[in-house]
Structures are given as structure tokens and as C-alpha cells.
Peer 1: 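I'd like to ask you about the structure that follows.
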2 protein chains.
Amino acid sequence: MSAAPNSTPRLDFERPLVTVDVVIFTVRAEQLQVLLVQRPDGPAEPFPGRWALPGGFVDVAQDRTLLACARRKLKDKTGVSTPYLEQLGSWGGASRDPRGWSTTHAYFALIAVSGQRVQEAAGQPAQQWLPVEDARARKLAFDHGEILEAALARLRSKVEYTSLPAFLVPEPITLPQLQLTYEIVLGRSLDKSAFRRRMLDAGFLEEVDTVVGPGGRPAQGFRLIDRGAPAVFPRPFKSGEQGA
Amino acid sequence: MSAAPNSTPRLDFERPLVTVDVVIFTVRAEQLQVLLVQRPDGPAEPFPGRWALPGGFVDVAQDRTLLACARRKLKDKTGVSTPYLEQLGSWGGASRDPRGWSTTHAYFALIAVSGQRVQEAAGQPAQQWLPVEDARARKLAFDHGEILEAALARLRSKVEYTSLPAFLVPEPITLPQLQLTYEIVLGRSLDKSAFRRRMLDAGFLEEVDTVVGPGGRPAQGFRLIDRGAPAVFPRPFKSGEQGA
DNA sequence: TAAATAGTGTCTGTAAGACAGTATACT
DNA sequence: AGTATACTGTCTTACAGACACTATTTA
């Protein structure tokens, strides 16, 4: 051990790079999709031209906290300012970034794209929504492939016993629409009756006006009583293989 | 936005401090306890003399990854090298450390103290095991109070549907001993029959020799089939208020 | 044989899945 | 009327909790 005498505080440690990355999910075209950005092309850039999760360095002059930094990056990329946003974890090591020992604080966000397109401003680096299976098939920059896997595992795990998919649906929410969203994320179909009981018993929905669809009986509309936190169901759906 | 032309990579950002902290739990004297260390007393030290979670700066020359850094700190403090260790989350901001914008990567560890005392080497800064309720009552250094709360919430949440407490018990494990450990962590009593069914059905225990207690019928001994990961039960115990 | 601890058998209640039925809209 | 979609009622089954019972040890 390189013993530092503990009476003289040392701040001369070499400091790692500190970044924040955000895994942003939505449901579009009946698919779970994730937002990726393309790395710039300069010769000194790491992973030039490769696709990556949106993110970047913490700006100590601008960001008061890590969460604020994540919110800023989300807003910059999507224009969305009140998403569901939770911390996913952190990754750090000597070899994940060729520029040196680096750390990233990963967040994951759920947003609803209700028709209005998510900002694709000119001058911005290229960005695109991609179905998660396509994104997984690409070799992403840094260790972003691993981070994406972790985000997916966390999402699919929590969907088994929370109301998270409600954040992927624009209000007013209908139960058929919410069920479809659950089925898309889980990759399997659910029983209608049991699903409805579950959602209504959980008490996180508030009735609003009915919503007319393309045909057939109109559906009851709902909105989230508390956008701050998802509801937690007493039991998972079934054969729930929950992750960490 | 302070736009950096994306053709010239900037590494001249001011870099935050990067630390790792570990919340180490054990069960001693029929109580859930946590390991705290005392901050050094120098005049330039932050929070001099205050109790804190064990941890410190990442050493980029020594630590290959954040996880390796956490393992090193755990080994230094306790001598234990194969605990249950999982990442808890990260905290970072401008005001959590008076020395500047800082980040910490928090881990939480579960260890079994089987009689042999956890190293309390001379020359080391003062450290002690404290019942969690006592630790919560103290004003800890930095934002370690908040981190401890998060660790406790995570532990209590996961105990409802995983075999985590098995890592708090020295092998050979007996079911009565394991049940007592669950009850200590949860703060409520559990039904014996249902508890045993749950544990045995989960299939994470392997029978070894029987273990004689202080009196009465000897108990079947068990050991963990896989020390790498806890078992996940299909359902939580009851009225489970699971956290994030 | 009494006390102490370990372990089992069986009943009951709850709630999730299955699925058939009813309701309300549009064409 | 017929079709499409939304919603409900009821049966069955799985399983966790309750709790009384049996088993095996020491004093």
C-alpha cells in the first residue's frame, strides 16, 4: 500500500474523467426504442463515428449535481424536461476510454413521444431512435453496450412489478394502450382481465375524459396521480425472473 | 450552452474528485450493524473527527476498475475478501465535499462475522461496528447519512424477495439461524413453516453436516451453492413495500 | 420425563390467470 | 345487423400464512 500519512490531506491524486450518460427509452411504432448519438469524427476522438449513448463530461461550473447534469443532457437531446429519470449505476476503469481512467454515471429515462417529433436540431451531432434489438446488435462506443444491457435488464425487471410503462405512454392513458406497452416491453402477452385489476387496484391512475379510438367502443382515459414515482405492485406478473 | 466545437476534443474540463465508499453490514449480537470509521483530525481535513463510511479516493495507478477499488477498501478495513458486494449508486455535486466538486461510487457489502474479530489493526484510523439505528442517529460526514439510508432501504427491500441474508450468516447455515437473520433485518417475525418452504424451494442451499446447538435437536447444516449471486424468490414475503 | 429446539402436515384465504360473457361505439 | 373495440363476472388454481402437530436432542 502506498501509505499516505493521514495528517496531510492529499488532493494531488490524478483525477479520473467524469461523465454522465443517459439511456433514453420510448415506445414508437409498437417497438421499444432507444436514443443513440453518433460520436464525432475527429482524429483525436475516441471511437470516431461510432454510435453511443447520449452523454458527456460533467461541467462543474454548470451542473450542481449529477442528477442535474443528467437532466441537462436529456433536455438538450430531446427537449423533454419532465421524464421518468432514475439512476442506473456507475462504470469506471482504466481501459474504458482511451483518453484515460474514466468514470460514467449512467441514468435511464422513460419518455412518451406523442406524435410531436423529438428535436432533431441542425448543427447537433447525428442522433436517432433505434429499436433496442437493433441497438444491441451494434458495437457501441466505450462500454455503452454493457450499459445498455444493464438498462434493459433493469427496465424489464421493474416492469414485472411496477407501473413504469405508464411513463412511456402519452396522457390521456387508456388501459388497452397501457397493456400493449407492457406487452411490448415484456415481449409476451398478458391477460386483459388480470391486467386491468392490477392497474386499477394499484391506485396510481386517475380517471379523466373518455378517449375515442379508430373504431369500436371508446376507452376510459386516465392520467397519473403522481408523476414523481411509479407504483409498486405487491406481486410480479408471473414467473418473474427479477434481476438485481 | 457553452458550445465546444466538436472537432477539437476538450480534456481541459476541471475534473471532480472521485471516491468510492462502502457500506458494510453484518449481524452481530442479534443486531444489524454497520462499519464506520472516524475522519482524521487535521485542520485541513473535511469533517474532522466525524464518523463516516469507509472509503476514499480512487487510485488510478492501483485500481483497474471501481469494483476493484471497492474490494480493496473492504479488504483493508475488514480483512474479508469474498463478501457479497453490489453497487448501490453514485452521488456527486458541488457541495457535498468542501474540497470541491466531488463524486462517490457507493457499494454495499454483506459479511458474516463468525466469532473471529474483524481486524482492528493499530495505526489504522479508529473504526467500529455500530447498530444501524445508532449509526442513523449520528450526523455522519459528507452525505454519508443519505448513503446509509439508501443502503438500508435497498437491503430491506431486497430481503423481501431474495436470499441476501444468507450472506450475513457464517457457514454452515441452519434454517433457524437464517430465519432469525431475516427477522433481524426486517424487524418483524416470520412464520417458520412458510419460511422453510421458501428457502428450500428456492434451491440455493446445499445440505452439509448437521449442526448441534446449545441444546435441543440438532439442525441440518447448509451451505450456499452459489456465493456469486443471491436467489430471487418468485414473490415477496407479504405486504412488501419494495423500494427502487 | 421434562424442556428445548428442529422440523412437518394440513387448512384456509387471497389473488392471479383463464376465459366466456356483456357493453358501446362506428359503418 | 355486423364488426370492432372496451370492459366485467366468475371459476379455478397456486401458494403463502396460520397453527397444531411430530421428531430428536440434553439435563
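Because the structure is a prediction, the values reported are computed rather than measured. In what follows, every heavy atom counts, from backbone to side chain, and hydrogens, waters and symmetry copies are set aside. Residue numbering restarts at 1 for every chain, and letters A, B, ... go by the order of the sequence lines.
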Peer 1: Rounded to the Å, how far apart are B:D209 CG and D:dT24 C1'?
Peer 2: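 Nearest whole value for this atom pair: 17 Å.
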Peer 1: Taking salt bridge (Lys or Arg N to Asp or Glu O under 4.0 Å) as the cut-off, I'd like each qualifying pair that reaches into residues 197-222 of chain B, sequence neighbours left out, listed once.
Peer 2: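 Output for this query lists B:E206-B:R223.
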Peer 1: Rounded to whole Å, how long is the line connecting atom CD1 of A:I173 with atom C1' of D:dC7?
Peer 2: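 These atoms are roughly 18 Å apart.
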Peer 1: Taking OH from A:Y161 and C1' from C:dA16, how many angstroms apart are they, rounded to a whole number?
Peer 2: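 Atom OH in A:Y161 sits about 19 Å away from atom C1' in C:dA16.
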Peer 1: Please name the pair of heavy atoms, one in A:F108 and one in A:L164, separated by the smallest distance, quoted to 0.1 Å.
Peer 2: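 Heavy atoms only, the tightest pair is CZ-CD1, 4.2 Å.
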Peer 1: In whole angstrom, what separates B:D191's CG from D:dA20's P?
Peer 2: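 About 11 Å, once rounded to whole Å.
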Peer 1: Taking atom C1' of C:dG17 as reference, at what distance in whole Å does atom CG of A:L190 sit?
Peer 2: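 Computing the A:L190:CG to C:dG17:C1' distance gives 11 Å.
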Peer 1: Of all heavy-atom pairs between A:W51 and A:Q127, which one has the smallest distance, and what is that distance?
Peer 2: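 Scanning both residues completely, I find the closest heavy atoms to be CZ3-CA, 4.1 Å.
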Peer 1: Calculate the interatomic distance between B:K192 atom NZ and D:dA16 atom P; express it in whole Å.
Peer 2: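 Going from B:K192 (NZ) to D:dA16 (P), I get 18 Å.
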Peer 1: Which atom names give the shortest non-hydrogen contact between A:F222 and A:V208, and what distance separates them?
Peer 2: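 Smallest heavy-atom distance, with atoms named: N-CG2, 3.6 Å.
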Peer 1: Whole angstroms only, please: what is the CZ-C1' distance between B:F237 and D:dC15?
Peer 2: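 Nearest whole value for this atom pair: 14 Å.
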Peer 1: Is a salt bridge present between B:E183 and B:K192, judged by a nitrogen-to-oxygen distance below 4.0 Å?
Peer 2: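 No, no charged N to carboxylate O under 4.0 Å.
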Peer 1: Looking only at N and O atoms, is any donor in the side chain of A:R217 or the base of C:dA25 less than 3.5 Å from an acceptor on the other one?
Peer 2: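 Side chain to base: no pair present.
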Peer 1: On DNA chain C, nearest-nucleotide positions of B:G216 versus B:F222: which is more 5'?
Peer 2: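 The residue whose closest nucleotide sits nearer the 5' end is B:G216.
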Peer 1: Listed in order of residue number, which residues of residues 193-207 of chain A have a non-hydrogen atom at under 4.0 Å from DNA chain D?
Peer 2: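 Nucleic-acid contacts, sorted: A:S193, A:R196.
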Peer 1: Considering all heavy atoms of both residues, which atom of B:V159 and which atom of B:F237 are nearest to each other, and what is their separation?
Peer 2: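 Nearest pair, atom of B:V159 first, then B:F237: O-CE1, 3.7 Å.
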Peer 1: What integer distance in Å separates A:Q220:CD from D:dT8:C1'?
Peer 2: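 It is 15 Å, rounded to the nearest whole Å.
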